[in-house]
Amino acid sequence: MEILFGQNRLTTLADETVLQALTRQGIAARSSCRGGVCQTCVMRCLKGDIPARSQSGLNAELLAKRYFMPCVCQPTGDMELAEPDADDFFVTALLEKRVEDEAGILFLFEPMSALATPVTELIVLDDQGRRARYLLANKPELDYYFGIYLPSTDLSPLACDWRDSLQAGGQIKMRTALANELPVAEMPVRAERPKDPPPDPELWTVLDNGVLLRKILEEFYVRVYADPQLKSFFTGFTQERLVEKQYSFLQQVITGNKVYFGNRPLKTHHWMVISDALLDHREQIMLDCIHEHGVEEKWVKRWMALEEYYRPDIVKSEPFPLQNNGVDIPLEGFEDLVIDVGSMCDGCGSVIEPGESVRYHVRMGTIFCTRCNTAESL
Ligand code: HEM
Ligand code: FES
């Protein structure tokens with residue numbers, strides 16, 4: 001099939017997704033899960049059919065505007081695509097409550113339809129066309145609503161107007177800030193806390209000094225690798241590697257002995273957009289496996305408490321780049337390389353001879369030969 005995207009004319013190979021076709025032909029398109037879960041990759045289809053599977057989970061407004069997820073879209077005909085238009089993401093929101101104190105006012109809104117994920121920064125638009133950008137300021141006990149906090153020090157015209165006249169029942173429009181509107185995220189700085197939770201050596205004994213842990217992890221990763229929401233994150237990593245790494249990581253956490261060699265959870269998952277709900281889903285699979293292996297509830301709780309410690313390092317709504325000698329490694333960038341050992345093209349599968357030039361995706365480590373780059377500039 002042929003894909004028109006900006007100034008590029010591209011082609012897709014059999015069974016290839018739009019995202020794979022873009023990447024193979026050197027377009028640094030944003031993505032994370034590559035499985036239709038996180039919505040990081042959304043694009044607009046200007047012309048052509050959109051396979052239904054690639055729209056699953058998008059809200060009604062986005063469907064009406066022909067948005068889709070290229071990572072799970074195998075085109076059934078030619079397509080013309082465009083980058084997302086941020087203003088397509090506005091939805092009407094009703095002001096439910098104002099919660100006032102001396103320092104400011106928390107406005108609690110209820111959006112009339114689902115906002116596109118991820119929700120971290122809100123762009124608001126009032127009836128006079130004024131825009132402002134606020135961090136989501138929810139209180140955990142009120143998390144049904146979307147909160148915007150206006151401190152008394154905010155003297156912008158929009159803030160002053162809202163303070164004086166925006167009352168419960170009033171409406172504004174809001175949307176999430178899109179990935180391309182946010183500055184490139186940096187590795188988050190976490191509040192000081194010990195690297196790992198206190199070890200729990202008794203749990204190690206209950207896990208039969210690791211024998212039972214390994215059995216549970218083997219079963220867990222069989223399920224993760226078959227799970228529609230999780231499996232795409234694991235493309236390119238073998239199941240054996242995951243069992244091995246997770247085993248030694250957990251052995252270190254549970255016993256306190258230094259046996260794990262590898263990245264810490266914050267760095268390992270740097271490119272993965274993982275919501276709380278997705279982490280809960282993974283945890284449920286883990287819980288099922290642990291229960292099926294007959295571990296008593298008391299120990300299940302103690303195991304889960306250890307895993308929970310890493311939640312703040314793993315849940316995030318934007319990926320952040322790792323650094324090499326102080327320089328960001330682009331999340332979606334390419335380098336041109338000449339390889340000195342034979343290999344196989346990750347795009348078309350053809351053999352690449354030593355000495356050939358390839359395009360290398362710096363985060364994913366995939367390589368593409370010059371033959372399957374059929375991109376043409378219009
Ligand atoms: C939805 C949740 C999660 C997803 C989608 C996920 C995904 C992944 C993926 C794709 C890898 C392979 C990447 C690599 O090795 O470079 C990985 C590795 C790993 N994950 Fe997770 N993970 C999740 C939750 C967790 C949790 C809760 C923990 C710890 C409590 C954890 C600990 C690790 C460790 C230790 C590795 C091995 C790191 C290494 O190879 O250097 N993950 N994860
Ligand atoms: S939905 Fe496409 S990358 Fe996650």
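Just so you know, ligand 1 is whichever comes first in the structure, and atom 1 is the first atom listed for that ligand. Just the heavy atoms: all of them, side chains too, but no hydrogens, waters or symmetry mates, feed the values below.
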* Under 3.5 Å between some N or O of ligand 1 and some N or O of Asn263? -> yes
* Identity and separation of the nearest protein heavy atom to atom 31 (C) of ligand 1 -> His269 CE1, 3.5 Å
* Would you kindly say whether Asp328 and Gln323 are connected by a side-chain donor-acceptor distance under 3.5 Å? => yes
* Could you go through the side-chain contact (heavy atoms from CB on, under 4.5 Å) check for Arg223 and Asp288 one step at a time? => CA-CA 10 Å; Arg223 296 186 195 182; Asp288 292 345; 3.8 Å; yes
* Do the two ring centres, one from Tyr149 and one from Tyr134, sit under 6.0 Å apart? -> no
* Protein contact of atom 18 (C) of ligand 1 - nearest heavy atom, named by residue and atom, plus distance -> Thr268 CG2, 3.5 Å
* Going by chain and residue number, what protein N/O/S atoms come nearer than 2.8 Å to atom 4 (Fe) of ligand 2? -> Cys33 SG, Cys38 SG
* **Numbered atoms of ligand 1 (with element) below 4.0 Å of Leu230, judged on heavy atoms** => 1 (C)
* **Close approach of Val224 to ligand 1, heavy atoms, under 4.0 angstrom** => no
* To do: Would you please determine whether Tyr309 falls within less than 4.0 Å of ligand 1 on a heavy-atom basis?
  => no
* To do: Write out the residue and atom name of the closest protein heavy atom to atom 30 (C) of ligand 1, then the distance separating them to 0.1 Å.
  => Tyr310 CD1, 3.7 Å
* Only pairs at least two apart or in different chains count here, so list each ring pair (Phe, Tyr, Trp, His ring centres under 6.0 Å) that has a residue in residues 342-378. => Phe334-His361
* To do: Could you list the atoms of ligand 1 found under 4.0 angstrom from a heavy atom of Tyr260?
  => 35 (C), 37 (C), 38 (C), 39 (C), 41 (O)
* Under 3.5 Å: N/O of Arg241 near N/O of ligand 1 -> yes
* To do: Have a look at Ile274, Leu242, Asp276 and point out the one with the heavy atom closest to atom 4 (C) of ligand 1.
  => Ile274
* Among protein heavy atoms, which lies nearest atom 26 (C) of ligand 1, and at what distance? -> Ile314 CD1, 3.2 Å
* Parallel, tilted or perpendicular: which fits the ring planes of Phe107 and Phe109, with parallel below 30° and perpendicular above 60°? -> parallel
* Asked: Of all the atoms in ligand 1, which lie at a distance below 4.0 Å from a heavy atom belonging to Phe233?
  -> 5 (C), 10 (C)
* **Numbered atoms and elements of ligand 1 in range of Gly262, under 4.0 angstrom, heavy atoms** => 41 (O)
* **Proximity flag His281 to ligand 1, non-hydrogen atoms under 4.0 Å** => no
* Are Arg241 and Tyr221 in a cation-pi contact, defined as NZ or CZ under 6.0 Å from the six-membered ring centre and within 45° of the axis? -> no
* Asked: side-chain contact (heavy atoms from CB on, under 4.5 Å) between Arg34 and Gln20: does it pass, once the steps are laid out?
  -> CA-CA 9 Å; Arg34 304 195 297 277; Gln20 284 166 335; over 6 Å; no
* Asn324 side chain to Val327 main-chain N or O, any donor-acceptor pair under 3.5 Å? -> no
* **Enumerated ligand 1 atoms positioned under 4.0 Å from heavy atoms of Lys245** => 37 (C), 39 (C), 40 (O)
* What is the closest protein heavy atom to atom 35 (C) of ligand 1, and at what distance does it sit? -> Phe249 CG, 3.5 Å
